[in-house]
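Only one structure is covered here, and it is reproduced in the block below.
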Amino acid sequence: MSERRRTVKRKKPRLKFNKRMSRNLGIIYILIVGFLFVLCGKIAYLNVAKGDDYSIQVLQQQSFTSRVIPYKRGDIKDRNGNVLATSVMVYNLVIDAKLIMADEEKYLEPTVYALVKYFGFKEDDLLTGIREHKKSNYWVARKELKYEEIKEFQEYVEGKFADTREEKERVRNTQGVWFEKQYKRMYPYNSLACSVLGFSNINNEASIGIECSYSGQLNGLEGREYGYMDAENNMEMVIKDAEDGNSVISSIDMNIQRIVQKAITKYMEKYKPKRIAVVIADPNTGEILAMSDDKTFNLNKPTNAHKGYSNSEWKKLSKEKQAEVLNSVWSNYCITDSFEPGSTAKAFTVAAGIEEGVINKKTTYTCDGYQKVDVFTIGCHGGDGHGTIDAKEAVAMSCNDYMMYIGRLLGANEFIKYQARYGFGMKTGIDLPGETRGIIYDKERGMGEATLATNSFGQNFTVNMIQMVAGFSSLVNGGYYYEPRVVKQVVTDEGSLVKNYSKTLVKETITRETSDFIKECLRKVVLTGTGKTAAIEGYTVGGKTGTAEKVNTSGTGIGRIKGQHILSFIGCVPCENPEVVCYTLMDSPKGNTEATAYNTELWTYIMKQVLPYMGIEKTATE
């Protein structure tokens, strides 16, 4: 019987997931994903909120260093290249007390020994200071040291003085001392042109003078030095060099400026006036050659400019009062203060009358010593009057009556128009901060008959000195009003031209024909008129005297201070083709404050020195 083999076909097992298990796995998955989201959020938060702090800690652990490389602020030079302001490298002595105290036993004694020896520290004070700053790696222990003061110490730590093993060990353990480079502003001539130059502090910030107006050009860009220790304990350095500032070439002539300042000192002592101020300019370009007043100060120590106060008195003053005193010294009177021009304005009035055709060169008028205007009787300084005179004689004799006559013929509207044309009542645009506008009467302020009359001979409106110089220059240079400037050029530290400030013609005030006649009038003032004491042998001097009762602007409106006068003289040489204009002002000299000689004495003293220096030829034939 044959055996039959049965083949049994087995089924493959089927994997079955328990529903409970599946649910647990899903929960675990969600928890893991959620945790990751929370972790990422926390990392993001820490990166935003404290990332910089952690980065610094990491970099510190890697011995990271970052130091600023200072730029050199540009020089200020006079028109001939003489340096009036510069920046010199100084060094701050910085102590890393944290490093020293990290191994006090090893580093403290050698470091203190070296600092005491080379910088004159008192040992006890130095030890106390290091311990007080033990958590700091930046303690500035000395400021503004010269290179000569740090040279020996640097040679010491370089081992130049170490001969024995013990000395070399001491040098090696002198740690945690380095020098931070910084530039300090220096003014080689101290107070020369102080109110024109201004001063900047250790942070290269300035608020007055050229230092302020051209700070953007003078300042450069800081560099930076980065360094860290790599895995092999080598210092890796990355250096971004600083960019030095540009230099400024001013229009000031150092020698003329020195003449002016010495003259001011001389006449302050001689006549004891309240103020003296002087401006000298090139009438054909608007460039200022010299500008000064009696309140000078040392640019290297500007905060010591508190003359008249003892140190104890000064310390008792409030900060506000100290600031007020210093600002009064630092301010540039020639542009920040205004005053009545007095009779120096008469040349402007005659020029307006000629331009408008209300008078001509031969127009005569009889001065009887006064005019009745509205309810006022306004006198002429000529007493009983100058008689019948023409325009040239009116300027030479400084006749108020003739000027009131011209003003009446012009009328208020035309007179106001010419005041604006001459630049009165508005800023000249000089490249110095703090210029005042002065006060003039216009349509809004209501120029009545009496105001028109007094304005015609330089009273009842105010100007600043630079306005007068710019306007007067246009009267004598052919009628061209140039923007006054104290800077000629900006150049790189290598001398390449960055910006050239050539003469800027703003407008024409009068015709050349009128200008020529005004110069004839000004010449007659010096030959036969009120300015005879301004004559300088060999030179054709032309100019105009001015005597104005002092204005009190401390209260409301314009009041007068009885017995005090602003005496001035503005003149040009050579009169027929002027190369230089000089304006001098003296406020209430002691004695006879109306003496005409005061108007010209200071002017003549200055110009007798300036004219030969400038090489201006003698052309006088009278």
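Along the sequence shown, residues carry numbers from 1.
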- Task: Verify the neighbour count for atom NZ of Lys417: are there more than 12 heavy atoms of other residues, nucleotides or ligands below 6.0 Å?
- Result: yes

- Query: For the side chain to side chain contact (heavy atoms under 4.5 Å, CB included) test, which of Thr600, Val541, Val580 pairs with Met607?
  - Reply: Val580

- Item | Ring geometry between Tyr422 and Phe348 (parallel below 30°, tilted from 30 to 60°, perpendicular above 60°) | perpendicular

- Task: Starting from the C-alpha separation in whole Å, work towards a yes-or-no answer on salt bridge (charged side-chain N to carboxylate O under 4.0 Å, His left out) for Glu520 and Arg523.
- Result: CA-CA 5 Å; Glu520 292 176 19; Arg523 181 65 180 142; over 6 Å; no

- Query: Going through the distances and angles, do Arg73 and Glu211 end up as a salt bridge (charged side-chain N to carboxylate O under 4.0 Å, His left out)?
  - Reply: CA-CA 10 Å; Arg73 186 172 168 93; Glu211 291 277 27; 2.8 Å; yes

- For the pair Phe569 and Trp603, name the ring-plane relationship: parallel under 30°, tilted 30 to 60°, perpendicular over 60°. perpendicular

- Note on the structure: Hits for side chain to side chain donor-acceptor pair (under 3.5 Å) against Ser343, two or more places apart or cross-chain, chain-then-number order -> Lys346, Ser398

- Note on the structure: Contacts of Arg421 meeting side chain to side chain donor-acceptor pair (under 3.5 Å) (sequence neighbours excluded), chain-then-number -> Tyr418

- Item | Counterpart residues, salt bridge (charged side-chain N to carboxylate O under 4.0 Å, His left out), relative to Asp244 (two or more places apart) | none

- Can you list every pair that meets ring pair (Phe, Tyr, Trp, His ring centres under 6.0 Å) and has a residue in residues 184-216, with sequence neighbours left out? Phe199-Trp330, Tyr214-Tyr501

Donor-acceptor contacts, no H, no angles, side chain residues 202-210, under 3.5 Å, sequence neighbours left out:
unit_1, atom_1, unit_2, atom_2, d
Asn204, ND2, Tyr71, OH, 3.1
Glu205, OE1, Asn201, ND2, 3.2

- Which pairs, with at least one residue in residues 502-536 and sequence neighbours excluded, count as a ring pair (Phe, Tyr, Trp, His ring centres under 6.0 Å)? none

- Task: Determine yes or no for a side-chain-to-main-chain donor-acceptor pair under 3.5 angstrom, with Gln261 supplying the side chain and Ala193 the backbone.
- Result: yes

